[in-house]
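Worksheet for the structure shown next.
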Amino acid sequence: QGQFTAYAFLGLNPFIWDLVGSALVSAIAICIGFCGAAIILLTKPIPTQPINTIALAIAIGCAVLVATTKCTIRKLTDSEPSLRIVFYFTGVATLISLVPMLIYWQPLLQQVIPWLIVMGVLAAIGQLLMTRAFALASPVKIGLLSYSSLVFAAIIGAIGWQEPITLSLLLGSLLVIWAANLTIRQ
(Lines give C-alpha, C1' and ligand atoms only; values in the text may rest on other atoms or scores of the structure.)
Protein backbone atom coordinates (compact mmCIF):
# COMPACT_ATOMS: atom_id res chain seq x y z
CA GLN A 1 0.00 0.00 0.00
CA GLY A 2 2.93 2.36 0.63
CA GLN A 3 3.90 2.19 -3.02
CA PHE A 4 0.55 3.66 -4.04
CA THR A 5 0.70 6.34 -1.34
CA ALA A 6 4.05 7.42 -2.78
CA TYR A 7 2.39 8.78 -5.88
CA ALA A 8 0.54 11.34 -3.78
CA PHE A 9 3.92 12.81 -2.89
CA LEU A 10 5.06 12.89 -6.52
CA GLY A 11 3.03 16.04 -7.00
CA LEU A 12 4.84 17.67 -4.07
CA ASN A 13 8.37 16.80 -5.17
CA PRO A 14 8.43 19.06 -8.27
CA PHE A 15 7.80 22.00 -5.90
CA ILE A 16 10.98 21.09 -4.05
CA TRP A 17 13.07 20.04 -7.06
CA ASP A 18 12.23 22.78 -9.51
CA LEU A 19 10.80 25.39 -7.12
CA VAL A 20 7.91 25.54 -9.57
CA GLY A 21 4.33 24.55 -8.79
CA SER A 22 2.66 21.89 -10.88
CA ALA A 23 -0.29 22.85 -13.04
CA LEU A 24 -3.66 23.23 -11.36
CA VAL A 25 -5.05 20.31 -13.35
CA SER A 26 -2.20 18.07 -12.16
CA ALA A 27 -2.79 19.07 -8.55
CA ILE A 28 -6.51 18.33 -8.87
CA ALA A 29 -5.79 15.02 -10.62
CA ILE A 30 -3.36 14.04 -7.85
CA CYS A 31 -6.00 14.69 -5.21
CA ILE A 32 -8.70 12.81 -7.15
CA GLY A 33 -6.39 9.85 -7.84
CA PHE A 34 -5.20 9.69 -4.23
CA CYS A 35 -8.80 9.74 -2.98
CA GLY A 36 -9.73 6.99 -5.45
CA ALA A 37 -6.78 4.84 -4.40
CA ALA A 38 -7.60 5.39 -0.73
CA ILE A 39 -11.23 4.39 -1.31
CA ILE A 40 -10.11 1.22 -3.12
CA LEU A 41 -7.61 0.31 -0.40
CA LEU A 42 -10.11 1.00 2.37
CA THR A 43 -12.64 -1.31 0.72
CA LYS A 44 -10.96 -4.22 2.51
CA PRO A 45 -12.31 -5.17 5.93
CA ILE A 46 -10.95 -2.93 8.69
CA PRO A 47 -8.85 -4.84 11.22
CA THR A 48 -10.15 -5.00 14.77
CA GLN A 49 -6.84 -3.79 16.17
CA PRO A 50 -6.07 -0.07 16.46
CA ILE A 51 -3.88 1.61 13.85
CA ASN A 52 -0.20 1.30 14.68
CA THR A 53 1.07 4.90 14.47
CA ILE A 54 4.71 3.83 14.15
CA ALA A 55 3.86 1.58 11.19
CA LEU A 56 1.79 4.39 9.66
CA ALA A 57 4.68 6.85 10.06
CA ILE A 58 7.08 4.35 8.48
CA ALA A 59 4.66 3.78 5.57
CA ILE A 60 4.36 7.53 4.94
CA GLY A 61 8.14 7.93 5.19
CA CYS A 62 8.61 5.12 2.68
CA ALA A 63 6.07 6.75 0.38
CA VAL A 64 8.02 10.02 0.48
CA LEU A 65 11.27 8.18 -0.27
CA VAL A 66 9.70 6.27 -3.18
CA ALA A 67 8.33 9.52 -4.61
CA THR A 68 11.76 11.13 -4.25
CA THR A 69 13.33 8.14 -6.00
CA LYS A 70 10.88 8.43 -8.89
CA CYS A 71 11.69 12.13 -9.30
CA THR A 72 15.41 11.33 -9.09
CA ILE A 73 15.02 8.73 -11.82
CA ARG A 74 13.23 11.33 -13.95
CA LYS A 75 16.15 13.75 -13.50
CA LEU A 76 18.72 11.04 -14.23
CA THR A 77 17.03 10.07 -17.50
CA ASP A 78 18.13 13.44 -18.91
CA SER A 79 21.79 12.38 -18.80
CA GLU A 80 21.98 8.63 -18.17
CA PRO A 81 20.68 5.59 -20.10
CA SER A 82 17.99 3.45 -18.46
CA LEU A 83 20.26 0.42 -18.15
CA ARG A 84 22.83 2.34 -16.10
CA ILE A 85 20.18 3.86 -13.82
CA VAL A 86 18.62 0.45 -13.12
CA PHE A 87 22.05 -1.12 -12.58
CA TYR A 88 23.08 1.41 -9.92
CA PHE A 89 19.69 1.49 -8.17
CA THR A 90 19.70 -2.32 -8.05
CA GLY A 91 23.26 -2.33 -6.74
CA VAL A 92 22.49 0.15 -3.96
CA ALA A 93 19.28 -1.70 -3.00
CA THR A 94 21.18 -5.00 -2.93
CA LEU A 95 23.85 -3.57 -0.64
CA ILE A 96 21.22 -2.10 1.70
CA SER A 97 19.39 -5.46 1.76
CA LEU A 98 22.59 -7.36 2.50
CA VAL A 99 22.61 -6.62 6.24
CA PRO A 100 19.07 -7.89 7.01
CA MET A 101 19.64 -10.81 4.65
CA LEU A 102 22.69 -11.93 6.59
CA ILE A 103 20.87 -11.55 9.91
CA TYR A 104 17.69 -13.39 8.89
CA TRP A 105 19.11 -15.81 6.32
CA GLN A 106 17.18 -19.01 5.65
CA PRO A 107 18.22 -21.66 3.16
CA LEU A 108 16.30 -21.78 -0.10
CA LEU A 109 14.55 -24.85 -1.42
CA GLN A 110 15.88 -26.06 -4.77
CA GLN A 111 12.46 -25.85 -6.46
CA VAL A 112 12.19 -22.15 -5.50
CA ILE A 113 15.41 -21.01 -7.20
CA PRO A 114 14.11 -21.11 -10.83
CA TRP A 115 11.07 -19.07 -9.77
CA LEU A 116 13.32 -16.52 -8.06
CA ILE A 117 15.35 -16.21 -11.25
CA VAL A 118 12.18 -15.69 -13.32
CA MET A 119 10.97 -13.08 -10.80
CA GLY A 120 14.33 -11.31 -10.94
CA VAL A 121 14.38 -11.18 -14.74
CA LEU A 122 10.78 -9.94 -14.91
CA ALA A 123 11.47 -7.34 -12.20
CA ALA A 124 14.53 -6.11 -14.10
CA ILE A 125 12.55 -5.83 -17.35
CA GLY A 126 9.76 -4.00 -15.51
CA GLN A 127 12.23 -1.60 -13.91
CA LEU A 128 13.87 -0.88 -17.27
CA LEU A 129 10.48 -0.16 -18.81
CA MET A 130 9.46 2.04 -15.88
CA THR A 131 12.73 3.98 -16.10
CA ARG A 132 12.14 4.50 -19.81
CA ALA A 133 8.61 5.69 -19.04
CA PHE A 134 10.03 8.33 -16.69
CA ALA A 135 12.21 9.55 -19.54
CA LEU A 136 9.12 10.01 -21.71
CA ALA A 137 6.55 11.43 -19.25
CA SER A 138 6.38 13.26 -15.95
CA PRO A 139 6.34 11.31 -12.67
CA VAL A 140 2.90 12.75 -11.90
CA LYS A 141 1.38 11.24 -15.05
CA ILE A 142 3.09 7.90 -14.53
CA GLY A 143 2.08 7.85 -10.87
CA LEU A 144 -1.55 8.47 -11.60
CA LEU A 145 -1.54 5.81 -14.31
CA SER A 146 0.08 3.43 -11.81
CA TYR A 147 -2.99 3.77 -9.60
CA SER A 148 -4.80 1.78 -12.28
CA SER A 149 -2.96 -1.30 -11.01
CA LEU A 150 -5.33 -1.16 -8.03
CA VAL A 151 -8.28 -1.40 -10.39
CA PHE A 152 -6.71 -4.38 -12.17
CA ALA A 153 -5.90 -6.03 -8.83
CA ALA A 154 -9.55 -5.66 -7.82
CA ILE A 155 -10.70 -7.20 -11.10
CA ILE A 156 -8.27 -10.11 -10.73
CA GLY A 157 -9.38 -10.55 -7.10
CA ALA A 158 -13.01 -10.67 -8.17
CA ILE A 159 -12.37 -13.17 -10.96
CA GLY A 160 -9.74 -15.35 -9.28
CA TRP A 161 -10.76 -15.25 -5.62
CA GLN A 162 -14.41 -14.22 -5.78
CA GLU A 163 -13.71 -11.03 -3.82
CA PRO A 164 -16.80 -8.83 -3.78
CA ILE A 165 -17.06 -5.79 -6.03
CA THR A 166 -18.46 -3.14 -3.72
CA LEU A 167 -19.88 0.29 -4.40
CA SER A 168 -16.82 1.90 -2.77
CA LEU A 169 -14.53 -0.16 -5.03
CA LEU A 170 -16.43 1.04 -8.10
CA LEU A 171 -16.35 4.66 -6.86
CA GLY A 172 -12.61 4.48 -6.18
CA SER A 173 -12.01 2.93 -9.60
CA LEU A 174 -13.99 5.69 -11.32
CA LEU A 175 -11.96 8.35 -9.48
CA VAL A 176 -8.67 6.68 -10.47
CA ILE A 177 -9.75 6.49 -14.12
CA TRP A 178 -10.95 10.10 -14.03
CA ALA A 179 -7.64 11.30 -12.53
CA ALA A 180 -5.61 9.39 -15.12
CA ASN A 181 -7.81 10.81 -17.88
CA LEU A 182 -7.21 14.36 -16.59
CA THR A 183 -3.43 13.97 -16.70
CA ILE A 184 -3.38 12.29 -20.10
CA ARG A 185 -5.39 15.13 -21.65
CA GLN A 186 -2.91 17.78 -20.51
Side-chain angles (χ1 to χ4, degrees), residues 1-17 21-53 55-74 77 82 86 118-119 122-186:
Q1 291 178 359
Q3 149 187 348
F4 299 110
T5 316
Y7 293 111
F9 294 101
L10 283 174
L12 300 177
N13 275 325
F15 291 111
I16 297 167
W17 282 78
S22 61
L24 179 61
V25 175
S26 290
I28 291 169
I30 290 167
C31 291
I32 293 169
F34 185 73
C35 289
I39 290 170
I40 291 171
L41 292 172
L42 294 176
T43 300
K44 302 293 181 200
I46 299 173
T48 56
Q49 298 180 3
I51 295 174
N52 184 340
T53 53
L56 183 62
I58 291 171
I60 291 173
C62 288
V64 171
L65 290 174
V66 168
T68 303
T69 301
K70 303 292 186 191
C71 288
T72 303
I73 290 171
R74 171 69 173 151
T77 57
S82 297
V86 171
V118 169
M119 286 173 39
L122 292 176
I125 291 170
Q127 195 61 46
L128 285 167
L129 292 172
M130 185 63 84
T131 303
R132 182 67 182 140
F134 279 110
L136 300 173
S138 76
V140 173
K141 287 183 180 181
I142 295 168
L144 287 169
L145 290 172
S146 294
Y147 280 144
S148 65
S149 64
L150 292 172
V151 177
F152 290 114
I155 293 169
I156 292 169
I159 294 170
W161 289 271
Q162 290 75 42
E163 291 182 359
I165 296 179
T166 62
L167 185 60
S168 59
L169 178 65
L170 293 174
L171 175 64
S173 298
L174 286 174
L175 289 175
V176 166
I177 292 167
W178 183 26
N181 193 22
L182 283 173
T183 59
I184 289 172
R185 292 180 180 264
Q186 282 188 9

For [X], what residues pass the side-chain contact (heavy atoms from CB on, under 4.5 Å) criterion, not counting sequence neighbours?
X: Leu128; value: Ser82, Leu83, Val86
X: Ala135; value: Thr77, Arg132
X: Ile125; value: Val121, Leu129

With rounding to the nearest 0.5 Å, note down the distance linking [atom1] in [X] to [atom2] in [Y].
X: Ile30; Y: Leu182; atom1: CD1; atom2: CG; value: 11.0 Å
X: Met130; Y: Ile142; atom1: CE; atom2: CD1; value: 7.0 Å
X: Arg74; Y: Leu136; atom1: CZ; atom2: CG; value: 8.0 Å
X: Ile73; Y: Thr131; atom1: CD1; atom2: OG1; value: 5.0 Å
X: Leu169; Y: Ile155; atom1: CG; atom2: CD1; value: 8.5 Å
X: Ile159; Y: Ile156; atom1: CD1; atom2: CD1; value: 7.5 Å

When you compare the side chain of Trp178 with that of Leu174, does any pair of heavy atoms fall below 4.5 Å?
no
Under a 4.5 Å cut-off applied to non-hydrogen side-chain atoms, are Leu167 and Leu171 in contact?
no
Checking Ser148 side chain against Val151 main chain: does a donor-acceptor pair fall under 3.5 Å?
no
Which heavy atom of Ala179 sits nearest to which heavy atom of Ala29, and what is that distance?
CB-O, 3.3 Å
Taking every heavy atom of Ala37 against every heavy atom of Leu150, the minimum-distance pair comes out as CB-CD1, 3.5 Å
